[in-house]
S.K.: 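I'd like to ask some things about the structure below.
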2 protein chains.
Amino acid sequence: MVTLDDVAREAGVSRTTASRAINGKLTVHPERSAAVQRAAEKLGFRPNPAARSLARGRHDSVALIVSETNIEGMTNSFFAMALHGAIREIAKTDQQLVMLLRANDESDEKFLRFLEASHVDGAMVILEAHNTELPRLLAQSDLPVVFLGRPIESAEAPLSYIDSDNVGGSVLAAEALIAAGRRRIGVITGPHGMGVSQDRLRGFQQALDAHGLDSSLVAESDFQTAGGAEAMGLLLDQHPDLDGVFVMSDLMAAGAVGTLKTRGRRVPEDISLVSFDDTVIATTLEPRLTTVRQPLEELGARMVTALAELIAAPTAAPIRDTLPTTLVRRDSV
Amino acid sequence: MVTLDDVAREAGVSRTTASRAINGKLTVHPERSAAVQRAAEKLGFRPNPAARSLARGRHDSVALIVSETNIEGMTNSFFAMALHGAIREIAKTDQQLVMLLRANDESDEKFLRFLEASHVDGAMVILEAHNTELPRLLAQSDLPVVFLGRPIESAEAPLSYIDSDNVGGSVLAAEALIAAGRRRIGVITGPHGMGVSQDRLRGFQQALDAHGLDSSLVAESDFQTAGGAEAMGLLLDQHPDLDGVFVMSDLMAAGAVGTLKTRGRRVPEDISLVSFDDTVIATTLEPRLTTVRQPLEELGARMVTALAELIAAPTAAPIRDTLPTTLVRRDSV
DNA sequence: TGTGGTCGAGGAAGCGCTTCCTTGATGAAG
DNA sequence: CTTCATCAAGGAAGCGCTTCCTCGACCACA
């Protein structure tokens with residue numbers, strides 16, 4: 001850990017002056033100020049917020065108070081449910097949960113610095129797309145980190161993650177379709193760059209291959225509604241004889257069902273559909289969706305405990321848990 | 001602020017011993033330990049986490065990293081969207097966002113102590129139901145607090161809040177119904193104890209009264225889907241001639257539409273419906289809902305800036321902002 | 001040339017807590 | 001009756017930073 005004293009020494013000034021320079025006080029000579037900035041940059045100085053808060057009597061942090069009901073009500077998105085589980089679990093400990101937002105246009109390096117500056121003991125990462133350098137960077141820093149969902153880089157780096165059984169869940173989905181007598185089964189995936197997409201595709205193709213069916217009817221999408229609608233159209237264009245489809249998220253399924261309706265295909269009479277997630281959408285849509293449920297709250301909670309373990313024993317082997325998925329049968333198969 | 005030294009003095013021991021007692025170390029005599037506990041309780045001692053973190057070299061806080069996309073994706077719940085706005089705004093400052101969960105079964109006093117122990121500079125409160133003592137308690141403490149939505153107690157206490165124009169939005173809703181030629185218009189409200197319910201009911205009745213229509217067809221519910229379905233049933237039983245309904249949330253509207261369908265009433269042919277929120281549900285439902293949109297992200301962002309103002313000038317008058325709502329016309333009227 | 005004012009910089013105290021190290025008291029062992 | 005552990009408690013240092021206060025250097029003015 002590099003402290004203000006280190007910076008002061010490097011810059012050849014007193015700690016007082018260094019502090020002033022860092023905080024942009026005007027009573028410091030421009031030249032020296034610049035020297036301090038340079039030293040700080042070179043050394044990678046991050047003011048310790050605890051020390052700062054102690055000295056200033058301020059904390060620079062505001063609380064966001066949410067009720068449990070609130071979080072419970074967020075049963076509609078992947079992220080929200082994992083958040084719910086994590087927050088509940090955190091509340092049992094005496095830890096604070098600090099939320100960091102990674103802006104879409106922020107570079108990985110910048111964000112990493114930001115994270116390190118926030119002086120937390122560890123981090124849980126819930127990122128929609130893991131196709132950034134972030135996992136690799138985080139693996140290099142020695143901050144304990146747990147990912148929700150297997151990062152692509154996990155094979156090369158000692159990363160810890162908690163994931164649901166995407167492969168197994170997709171096998172369930174495919175088999176439900178097959179059991180319903182479907183033989184021309186397509187799949188709408190998430191981005192190929194994401195671990196979940198890869199895992200789910202693997203399970204799906206594995207099941208189809210085992211039954212000697214064509215597993216090459218795949219359309220890549222983005223997990224969103226509009227993307228699902230579009231991908232469904234593509235799939236239909238290329239394979240008019242389609243009689244079943246596995247869609248990797250409820251959100252995309254909502255779009256896909258819309259496309260099917262406008263194309264005059266009835267679900268499930270003409271085409272059976274199985275999706276993934278089991279969010280509220282699955283029950284408000286017509287027909288109600290048969291979908292693979294992930295234990296999202298449990299995943300969130302497990303992230304917290306795993307992170308605690310990692311913080312307690314930083315040198316231990318990475319933690320990699322896979323929690324079981326289940327098929328929820330409704331009306332779309 | 002009461003410090004460890006105060007506690008030690010009160011208990012008649014050294015600061016060292018007090019620290020040990022507080023932290024449950026075993027090298028302290030049970031009797032003295034009890035004395036310290038008593039003193040701490042009496043004085044309302046809360047260890048300063050910054051000092052603790054500085055001394056221990058730990059922070060007892062873990063980060064939850066979420067991507068902007070993540071938060072953006074949570075467009076489906078009231079809470080989530082406000083959260084999105086708040087987080088984005090916070091990210092612009094150098095403040096940290098600490099999330100505190102208020103468990104459903106936790107007493108207000110206990111939570112207040114918890115909040116004070118977390119040593120934040122201020123708090124934003126997003127609570128579904130304000131029918132607790134919490135607002136009043138928070139008003140007594142001198143922590144700057146901003147509520148999302150007008151708390152009931154706001155008339156008696158100098159509370160700050162950011163709210164959307166519930167009255168105005170409800171007037172819009174009622175007038176849309178009236179303009180569609182509806183004359184027997186009911187309303188499904190949230191809990192009467194909540195400020196939003198009261199405001200929306202007021203706007204609704206105001207509009208109906210202005211047109212000389214009966215504004216007494218009201219059913220109280222809970223903002224949830226199941227509750228909405230049930231309330232719709234009640235309303236239909238009591239007023240079979242109903243030809244329009246204002247439902248105070250999309251979630252309840254989903255339930256209400258279900259009930260209408262099973263009772264053989266077509267929307268909007270037989271009954272027109274306007275709801276409130278404009279979440280994804282409004283577009284995935286059949287028919288797509290005409291609904292009142294609140295500027296939720298803006299509300300969340302405004303909470304942050306308002307809180308900052310409050311922290312800067314704690315003695316200033318409470319901040320009470322009302323942001324405009326708009327009617328989004330779709331297919332249910 | 002002397003006086004006063006301004007500016008930049010540093011010394012040192014202190015924020016509230018933990019913990020190492022030391023000390024005094026007590027009991028067990030020789 | 002010593003000598004040694006053992007235990008409980010306190011003194012004091014120190015975590016990393018901010019900031020009050022002091023001080024020297026420099027310039028302008030009379």
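Since the model is a prediction, treat every value here as computed from it, not as a measurement. So that the names make sense, note that chain A is the first sequence line, chain B the second, and so on, each numbered from 1.
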S.K.: Nearest to the side chain of A:A55, which nucleotide is it out of D:dG16, C:dC20, C:dG11?
M.R.: D:dG16

S.K.: Of the nucleotides D:dC17, D:dG16, C:dG11, which one has an atom closest to the side chain of A:T16?
M.R.: C:dG11

S.K.: B:L159 versus B:F147: any side-chain heavy-atom pair under 4.5 Å?
M.R.: yes

S.K.: Whole angstroms only, please: what is the CG-P distance between B:L4 and C:dC15?
M.R.: 14 Å

S.K.: NA contact type, A:R20, heavy-atom cut-off 4.0 Å: base, sugar-phosphate, or nothing?
M.R.: base

S.K.: In whole Å, I'd like the distance from the CG atom of A:D6 to the P atom of D:dC15.
M.R.: 11 Å

S.K.: Of the options D:dT18, C:dG16, C:dT18, whose atoms approach the side-chain atoms of B:L54 most closely?
M.R.: C:dG16

S.K.: Tell me which nucleotide among C:dC17, C:dA9, D:dG16 gets nearest to the side chain of B:P47.
M.R.: C:dC17

S.K.: Check every atom of D:dA13, D:dT18, D:dG16 against the side chain of B:R15 and return the nucleotide holding the closest atom.
M.R.: D:dA13

S.K.: If you pin B:K25 and B:A50 to their nearest nucleotides in DNA chain C, which one's is more 5'?
M.R.: B:A50

S.K.: Counting just side-chain N and O atoms, does B:T17 come under 4.0 Å of either OP1 or OP2 of D:dG10?
M.R.: yes

S.K.: Is A:D108 paired with A:R136 through a side-chain N to carboxylate O contact shorter than 4.0 Å?
M.R.: no

S.K.: Check this for me, if you would: do B:D5 and B:R15 make a salt bridge, where the nitrogen-to-carboxylate-oxygen distance has to be below 4.0 angstrom?
M.R.: yes

S.K.: Charged N to carboxylate O under 4.0 angstrom, B:R38 versus B:E41?
M.R.: no

S.K.: For B:T3, which contact category applies under a 4.0 Å heavy-atom criterion: base, sugar-phosphate, or nothing?
M.R.: sugar-phosphate

S.K.: By nearest nucleotide on DNA chain D, pick out whichever of A:A51 and A:R58 is the more 5' one.
M.R.: A:A51

S.K.: May I ask you to verify if any side-chain N or O of B:N48 is less than 4.0 angstrom from the OP1 or OP2 atom of C:dC15?
M.R.: no

S.K.: Let me know the distance between CE of A:M1 and P of D:dC15, rounded to the nearest Å.
M.R.: 12 Å

S.K.: Verify the contact: side-chain N or O of A:R52 to OP1 or OP2 of D:dG16, cut-off strictly under 4.0 Å; return yes or no.
M.R.: no

S.K.: So does A:R56 get a side-chain nitrogen or oxygen closer than 4.0 Å to the phosphate oxygens (OP1/OP2) of D:dG16?
M.R.: no

